Amino acid sequence: MPVRPVLRMGDPRLLECSRPVERFDTPDLHALLQDMHDTMDALNGAGLAAPQVGEQWRVVIFGMARNPRYPNAEPVPYTVLINPALEPVGREME
């Protein structure tokens, strides 16, 4: 259960552009996902992005059943996003 250090806001590595994942079913990607999952669980987190553990890849995980940090939150299924892309649904900003 390797738990990686999590970078905090202000760390310049968090401002770098992440690279897309090009090879999917690799031991390195599986190991990264397992490390991220173990790290998120150890910190009672609800989500984690690869750059937060010092890996500049477009990978995000999230999900939780019960979490002491968010006692009133509904369960969220465990989800892995690889190369996610955000598209605005309109021009309105909130």
Side-chain angles (χ1 to χ4, degrees):
M1 180 166 129
V3 175
R4 295 193 182 199
V6 175
L7 303 180
R8 302 289 182 202
M9 189 180 296
D11 190 302
R13 293 173 287 179
L14 294 174
L15 299 176
E16 295 175 16
C17 288
S18 295
R19 299 180 305 272
V21 174
E22 295 177 357
R23 298 184 65 220
F24 296 90
D25 193 16
T26 66
D28 288 343
L29 181 58
H30 288 283
L32 172 62
L33 291 171
Q34 187 63 56
D35 286 358
M36 289 174 63
H37 184 274
D38 293 344
T39 301
M40 184 175 76
D41 278 355
L43 299 174
N44 293 317
L48 190 64
Q52 290 177 278
V53 293
E55 298 289 340
Q56 295 305 321
W57 296 101
R58 293 181 188 161
V59 176
V60 176
I61 65 169
F62 61 89
M64 62 180 198
R66 292 184 174 206
N67 189 312
R69 287 179 58 193
Y70 310 101
N72 299 320
E74 295 288 325
V76 176
Y78 181 73
T79 303
V80 174
L81 302 177
I82 298 176
N83 298 332
L86 299 177
E87 294 184 25
V89 294
R91 292 182 177 262
E92 186 176 323
M93 294 186 68
E94 203 172 297

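Bear in mind the structure is a predicted one, so any value in this text is a computation, not a measurement. Side-chain atoms are counted along with the backbone in the values below, which use heavy atoms only and exclude waters and symmetry mates.
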>> So, using ring pair (Phe, Tyr, Trp, His ring centres under 6.0 Å) as the criterion, who are the partners of Tyr78 when residues are at least two apart?
In response: His37
>> Quick check: do Ile82 and Leu29 have side-chain heavy atoms less than 4.5 Å from each other?
In response: yes
>> Restricting to non-hydrogen atoms, name the atom on Asn44 and the atom on Tyr70 that form the minimum distance, rounded to 0.1 Å.
In response: O-CE1, 4.2 Å
> Between Asn83 and Val21, is there a donor-acceptor pair closer than 3.5 Å when you use the side chain of the first and the backbone of the second?
Replying inline: yes
> For atom CD of Glu16, is the number of surrounding heavy atoms from other residues, nucleotides or ligands below 6.0 Å larger than 12?
Replying inline: yes
> Do Leu81 and Phe62 have side chains that get closer than 4.5 Å, going by heavy atoms?
Replying inline: yes
>> So which atom in Asp38 and which in Val3 form the shortest heavy-atom distance, rounded to 0.1 Å?
In response: O-CG2, 4.1 Å
>> For Met64 versus Ala73, what's the shortest heavy-atom pair and its separation?
In response: CE-CB, 3.1 Å
>> If you compare all heavy atoms of Pro20 against all heavy atoms of Trp57, which two are closest, and at what distance to 0.1 Å?
In response: O-CZ3, 3.4 Å
>> Listing request: all salt bridge (Lys or Arg N to Asp or Glu O under 4.0 Å) pairs with a residue in residues 85-94, at least two apart in sequence or in separate chains.
In response: none
> With a 4.5 Å heavy-atom cut-off, do Pro84 and Arg58 have their side chains touching?
Replying inline: yes
> In Å, rounded to the nearest 0.5 Å, how long is the span from CG of Leu48 to CE of Met36?
Replying inline: 4.5 Å
> With side chains defined as the heavy atoms from C-beta onward, is the minimum distance between Arg8 and Leu14 less than 4.5 Å?
Replying inline: no
>> Working to the nearest 0.5 angstrom, can you tell me the gap between Leu32 CG and Arg4 CZ?
In response: 5.5 Å
> Is there a donor-acceptor pair closer than 3.5 Å between any side-chain N or O of Gln56 and the backbone N or O of Arg13?
Replying inline: yes
> Below 4.5 Å, heavy atoms only, C-beta onward: do Val53 and Asp35 meet side chain to side chain?
Replying inline: no
> Any link between Ile61 and Phe24 through a network of hydrophobic side chains (Ile, Leu, Val, Met, Phe, Trp, Tyr) touching at under 4.5 Å?
Replying inline: yes
